[in-house]
Each structure stands twice: as structure tokens, then as C-alpha cells.
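I have placed the structure first, in the form of C-alpha cells, so that the comments after it can refer back to it.
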Number of protein chains: 2
Amino acid sequence: MYTRAEENYLKCIFHLEQEHKGAVATNAIAQMMHTKASSATDMIQRLADKELVSYRRYKGTTLTKAGIAVAVAVIRKHRLWEVFLVEKLNFQWDEVHEIAEQLEHIQSEELITRLDKFLDHPDYDPHGDPIPDKHGNIKKTEKKVLSEMSKSQHGILVGVRETSGEFLQYLDKRNIAIGTKIKVLGKEFFDGSMIIQVKREQFFISKKIAENLYIQV
Amino acid sequence: MYTRAEENYLKCIFHLEQEHKGAVATNAIAQMMHTKASSATDMIQRLADKELVSYRRYKGTTLTKAGIAVAVAVIRKHRLWEVFLVEKLNFQWDEVHEIAEQLEHIQSEELITRLDKFLDHPDYDPHGDPIPDKHGNIKKTEKKVLSEMSKSQHGILVGVRETSGEFLQYLDKRNIAIGTKIKVLGKEFFDGSMIIQVKREQFFISKKIAENLYIQV
DNA sequence: AACTTATTTTAGATAAGACTAAAAATAGAA
DNA sequence: TTCTATTTTTAGTCTTATCTAAAATAAGTT
Ligand SMILES: [Mn+2]
Ligand SMILES: [Mn+2]
Ligand SMILES: [Mn+2]
Ligand SMILES: [Mn+2]
């Protein structure tokens with residue numbers, strides 16, 4: 001099988017490739033992995049030797065079929081464990097990421113099959129991200145970033161972009177969670193800030209917040 | 001914290017020290033770790049630098065207070081995860097060791113605290129081994145190896161020495177499990193083999209089998 | 001006590017994964 | 001197009017954890 005480091009790099013490249021659509025820059029990988037560009041280059045070259053990524057120097061990196069399969073399997077494990085931590089061990093949604101980051105590397109097909117069953121085959125993790133099935137298929141959900149919505153539009157929160165503790169606690173404090181209905185009451189052109197309606201309350205939110213909330217309309 | 005390898009060596013030394021009472025030979029460690037004596041020496045010296053073991057060359061190794069604490073914490077995690085796998089995910093008791101071997105290295109105090117609670121604070125793992133509490137205290141149980149019992153003595157199975165799949169499946173096949181009442185009907189001096197009564201059946205067992213069953217009289 | 005064997009340690013190599021510093025390639029600006 | 005700034009790669013070093021081969025020590029035997 002693959003090492004922890006390899007799995008983490010593949011997962012990282014997968015996420016960057018999704019976001020930017022196209023070859024991923026070495027610097028972007030290094031930044032997300034909290035490492036130096038030279039270390040990233042080193043790993044990328046080893047992954048290329050194993051045909052998990054295709055790579056032409058100075059031109060960026062993309063995952064191969066094999067690389068995608070590994071990345072998606074790790075993401076599946078990560079998200080299933082997050083569900084376990086929240087649903088069964090009563091962790092808060094902002095506390096689970098670090099632990100899942102470790103648990104995602106446990107090697108056992110059977111374990112994941114049984115965990116999935118134990119959790120009753122969940123479709124989404126606590127942050128609203130879809131859980132790939134055992135064949136690696138990911139349910140594509142139609143969702144919009146809140147910051148791109150306009151006045152008087154509404155929808156329900158189905159996911160968050162940021163998963164840092166600070167951000168998730170910010171949402172908790174305002175009773176905003178996955179499934180919460182949100183309506184745009186006003187939007188400021190100058191700075192992109194908004195007034196939103198959540199249940200019976202109204203909040204002012206900055207553009208930065210709005211950019212990190214995914215809404216299903 | 002400590003690396004996976006360090007944790008595995010410490011756990012290994014702990015178990016060997018329990019068995020033989022006294023300093024542990026380098027070869028014994030190497031054998032149990034499935035590695036070479038030179039590799040073991042190397043690690044022992046590094047553990048000695050970190051004051052996790054006390055070591056005098058050619059004289060063997062013993063754990064320090066600090067080393068014991070690390071080993072026991074790992075053993076606690078290993079056994080709690082084994083309970084989880086059997087009780088919650090319905091694994092058989094012979095299938096859980098390998099997976100627990102990985103899970104025991106997950107670093108999170110909070111996770112173990114919550115797992116322990118989720119499992120309702122179990123005292124023993126599926127193989128009858130006691131689970132250390134969070135302070136590292138291990139319940140000492142009075143138990144006897146079946147091979148040392150004599151004719152017409154009886155007791156209940158409280159643990160197994162071997163945990164290999166083959167051995168555990170051998171027991172399953174004969175309906176022998178933790179908690180099963182066993183009576184010695186006969187014992188052969190020549191080879192130490194026995195006839196035992198288990199529920200309504202009688203079995204012939206070799207000395208090797210008898211040496212791997214712990215009985216509470 | 002001297003020799004032989006088994007155990008343990010050292011010396012030297014290797015691979016993964018990280019780093020710093022320097023060189024090379026690319027992109028942007030003048 | 002040529003210079004400059006940024007990005008990326010290479011070269012060389014480090015640590016952990018492993019190996020093989022050789023040297024050192026301990027234990028056992030005549
Ligand atoms: Mn990870
Ligand atoms: Mn998540
Ligand atoms: Mn282990
Ligand atoms: Mn066990």
C-alpha cells in the first residue's frame with residue numbers, strides 16, 4: 001500500500017485539482033501540505049515514478065486514474081470517521097478534522113465496510129461534504145456559494161468551505177448549521193457584505209463569511 | 001509525542017518484561033518485532049537516550065517509569081479499540097488484532113476518553129486481557145495456565161496467551177470462549193496432554209493448547 | 001584455561017521524507 | 001525583446017528506521 005505521506009499528498013492534489021480545474025502548481029501543494037516547495041517537488045517526482053500523478057517539470061501536476069482512486073478512498077475514510085466521531089462519540093463538528101486526519105490512514109477494507117454499515121451508510125459528513133461510495137463515486141451536489149446569491153434569494157446551508165475551528169464555532173454561536181434555512185435580506189455592493197435571515201434572527205455577515213457557505217437553492 | 005516505531009518497541013519490551021521478569025534480551029525484542037538484532041539495538045539506544053528504557057550494553061533492557069507509562073497507554077488504546085471492533089462492528093475476536101495494531105497509535109486523549117465511555121468503560125478486551133485505566137493502573141487477575149492444573153480441578157476461561165487467528169478459530173470450533181467453564185478430567189504425565197470437559201462435551205487437548213489458556217479457579 | 005558458539009554491538013548502506021541554499025526555468029514589465 | 005521577479009527544481013544535508021557484514025563480548029565445553 002501507500003505511505004501516510006503519499007496518501008496525504010494525493011488527497012491534497014485531488015482537492016486542489018477540483019478547485020482550480022487543471023494542473024496544480026507545486027507551490028500550491030507545498031502550501032497546503034505546510035512544507036517547502038523543494039519537498040513537494042521531491043514527493044511529486046516519486047508519485048510520478050509510481051504513476052499516481054502525471055507531471056512535467058515546471059508545468060504542474062495532475063492525478064492519474066490510479067492516483068484519483070487512492071485519493072478518493074482516503075477521502076471516503078476521512079468523512080466516514082468524521083461521521084462516527086460526531087454521531088457516535090458526540091464530538092462537535094469543529095473538533096473532528098484533526099482526528100479524522102489520522103484515522104483516514106488506517107488500512108482495512110473490512111473495517112470501512114463495517115463502519116459504513118454501523119453508521120447506516122451516511123451520504124454526507126458533518127460538514128456537508130459528500131461521502132464517496134466504495135467504488136469511488138462522489139455524489140455531485142448542486143450548490144452555490146452564498147456570496148454569489150442576490151437579495152431576497154434563499155436556500156438551505158448544505159456545506160462549508162472552511163473547516164477551521166474558529167469558523168465553525170462562529171457558525172455555532174449564531175445557530176447556523178448544515179440544514180439551516182438562510183435568506184439574503186440585503187447585499188452591499190461596495191464590500192460584498194450581507195444581511196441574512198436565519199430562523200427568526202438577522203445577521204450582518206462579511207463577504208469572507210459568505211464565501212465559505214454553500215447553499216442549495 | 002513518540003513515533004509509531006518507538007511505541008511498538010516500548011509495548012513489546014513491556015510484554016517481554018512481564019513474561020520473563022527481569023531485563024529483556026535484545027534478541028527477544030528483535031524476534032517479537034520481526035526485525036534484526038542490529039535494528040533492535042539501534043532503537044534501544046535511542047530509547048535509552050530519551051530515558052524511556054534503561055540499558056547497559058550486553059546486559060539487556062528494562063523500561064523506565066516513563067517508558068512504562070507510554071507502553072501502558074498504547075496497550076489501553078489497543079484493547080479499547082478491540083472491544084469497539086467486536087462489540088460495535090461485530091468482528092470476530094480473531095480478526096481484530098491487526099486493525100487494533102494500527103488504531104492504537106492514533107493520538108488523541110479526548111478520543112480515547114469518549115471511546116471508553118461509548119463502550120461503557122469495559123474492564124477486559126475480547127481476549128480476556130485487562131484494560132488499563134486512564135492513570136495506567138492494570139487490574140491484576142489471579143489466573144492459572146490450564147496446563148498447570150491437575151485432574152478434577154475446574155475453573156472458567158478468563159484469557160488466552162496466543163492471539164493468532166488459527167488458535168482462536170480452533171477454540172471457536174470447540175465452542176470454547178472467554179467465560180466458558182472448563183474441568184480437567186484427565187492429564188497424561190508423559191506429554192502433558194489433557195482430557196477436558198467443556199459444557200456437555202469432552203475434548204482431548206495437547207499440552208501446547210493447555211499452555212495458552214488462562215483459567216480462573 | 002583455551003577454544004567454540006551464540007549473542008550483541010558497531011560500521012557502513014539504503015530509503016523516505018523533510019530541510020536550506022543555489023541554480024534553472026518561466027512569467028511579467030519595461 | 002531584454003531584464004527582473006517569481007516559481008520550480010536540483011544539490012547536498014539531516015533524521016528515522018531498516019538492512020548486511022564484521023567485530024566484540026558473553027557463555028558453554030572440553
Ligand atoms: Mn492525513
Ligand atoms: Mn469534513
Ligand atoms: Mn502497533
Ligand atoms: Mn487483545
Presence of A/N27 side-chain N/O under 4.0 Å of D/dT8 phosphate oxygens OP1/OP2: yes
B/K59 NZ to C/dA6 P: how many Å, rounded? 20 Å
Whole-Å distance between C/dG17 C1' and A/H34 NE2? 17 Å
B/R57 CZ to C/dT10 C1', in whole Å, measures 10 Å
Atom CZ of B/R4 and atom C1' of C/dA16 are separated, to the nearest Å, by 15 Å
Nearest heavy-atom contact between B/Y55 and B/T41 is OH-CG2, 4.0 Å
What is the nucleic acid contact for B/A40, judged by heavy atoms within less than 4.0 Å: base, sugar-phosphate only, or nothing? nothing
Rounded to whole Å, the CG-C1' distance (A/D42 to C/dT20) equals 14 Å
Taking only the side-chain nitrogens and oxygens of A/Y9, find out if one of them lies under 4.0 Å from OP1 or OP2 of C/dA18. yes
Under 4.0 Å, counting only non-hydrogen atoms across every strand here, what does B/A37 touch: a base, just sugar-phosphate, or nothing? base
Please lay out, stage by stage, how A/S54 and A/T64 fare under the test side-chain hydrogen bond (donor to acceptor under 3.5 Å, both in side chains). CA-CA 6 Å; A/S54 46; A/T64 61; over 6 Å; no
Looking only at heavy atoms, what is the nearest atom pair of B/R4 and B/Q102, with distance? NH1-O, 4.1 Å
For D/dA17, does OP1 or OP2 lie under 4.0 Å from any side-chain N or O of B/T3? yes
So for B/T41 and C/dT10, does any side-chain atom that can act as donor or acceptor lie under 3.5 Å from a complementary atom in the base? no
How close or far is atom P of D/dA17 from atom CD1 of B/I29, stated in whole angstroms? 15 Å
Just to be sure I understand the geometry, which residues of residues 43-53 of chain A put a non-hydrogen atom under 4.0 Å away from DNA chain C? A/M43, A/R46
Work out which heavy atom in B/M149 is nearest to a heavy atom in B/K187; give both atom names and the distance. O-NZ, 2.9 Å
Could you pull out the closest heavy-atom pair between A/V24 and A/I13, with the gap in Å? CG2-O, 4.0 Å
Of A/Y58 and B/A28, the one whose nearest nucleotide on DNA chain C sits closer to the 5' end is B/A28
Assign each of A/M33 and B/R56 to its nearest nucleotide of DNA chain C by heavy atoms, then name whichever residue's nucleotide is nearer the 5' end. B/R56
Among D/dA21, C/dG17, C/dA21, which nucleotide sits nearest the side chain of B/S38? D/dA21
With nearest nucleotides of DNA chain D determined for A/T26 and B/T35 from heavy-atom distances, which residue corresponds to the more 5′ nucleotide? A/T26
Heavy-atom check, side chain of A/W93 versus side chain of A/T163, under 4.5 Å: no
Atom-to-atom span, OH of B/Y55 to C1' of C/dT8 - whole angstrom: 7 Å
How close do B/L10 and B/A71 get, heavy atom to heavy atom, and via which atoms? O-CB, 3.7 Å
Just the rounded figure in Å: distance from C1' of C/dA16 to CE of A/M1. 18 Å
Atom of B/S147, atom of B/K207 and distance for their closest heavy-atom approach: CB-O, 4.5 Å
Side-chain N or O of B/K36 less than 4.0 angstrom from OP1 or OP2 on D/dT18? no
